[in-house]
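The residues of the chain are indexed from 1 along the displayed sequence.
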Amino acid sequence: MADQQSNSNSNSFLAFVVGGLLVAVVVLAWLFYGGNGADDSNDLNISIEGPSDSAPAAEGAVSTE
């Protein structure tokens with residue numbers, strides 16, 4: 001009879017440890033995969049425009065003409 005009680009205690013402890021590990025994995029997954037529910041779009045628009053042909057030349061610039 002004593003063996004059954006000892007076995008029950010070890011099973012309870014094992015269930016407690018497995019449950020704690022499961023909770024830790026769920027919390028870490030929620031943190032890493034953005035569980036805040038915000039729309040974290042990674043859209044980035046960069047526009048680089050060169051000088052237009054009608055822009056006046058800089059004063060003192062070297063001309064290649």
Side-chain angles (χ1 to χ4, degrees):
M1 200 56 102
D3 289 337
Q4 290 176 348
Q5 188 175 7
S6 175
N7 193 16
S8 176
N9 286 341
S10 65
N11 285 342
S12 297
F13 178 73
L14 182 62
F16 181 75
V17 169
V18 170
L21 289 173
L22 182 64
V23 168
V25 167
V26 168
V27 168
L28 288 174
W30 182 73
L31 289 174
F32 282 122
Y33 292 110
N36 58 4
D39 182 23
D40 294 331
S41 62
N42 293 327
D43 293 340
L44 178 62
N45 295 323
I46 298 175
S47 177
I48 300 174
E49 298 178 14
S52 64
D53 291 335
S54 64
E59 195 174 313
V62 177
S63 176
T64 58
E65 293 179 18

TODO: For I48, enumerate each residue passing the side chain to side chain contact (heavy atoms under 4.5 Å, CB included) test, keeping only those at least two apart in sequence or located in another chain.
DONE: I46
Open item on the list: With rounding to the nearest 0.5 angstrom, report the CG to CZ distance, N11 to F16.
Closed with: 15.0 Å
Open item on the list: Please give the remaining members of the hydrophobic cluster of L21, linking ILVMFWY side chains under 4.5 Å, ordered by chain and number.
Closed with: F13, V17
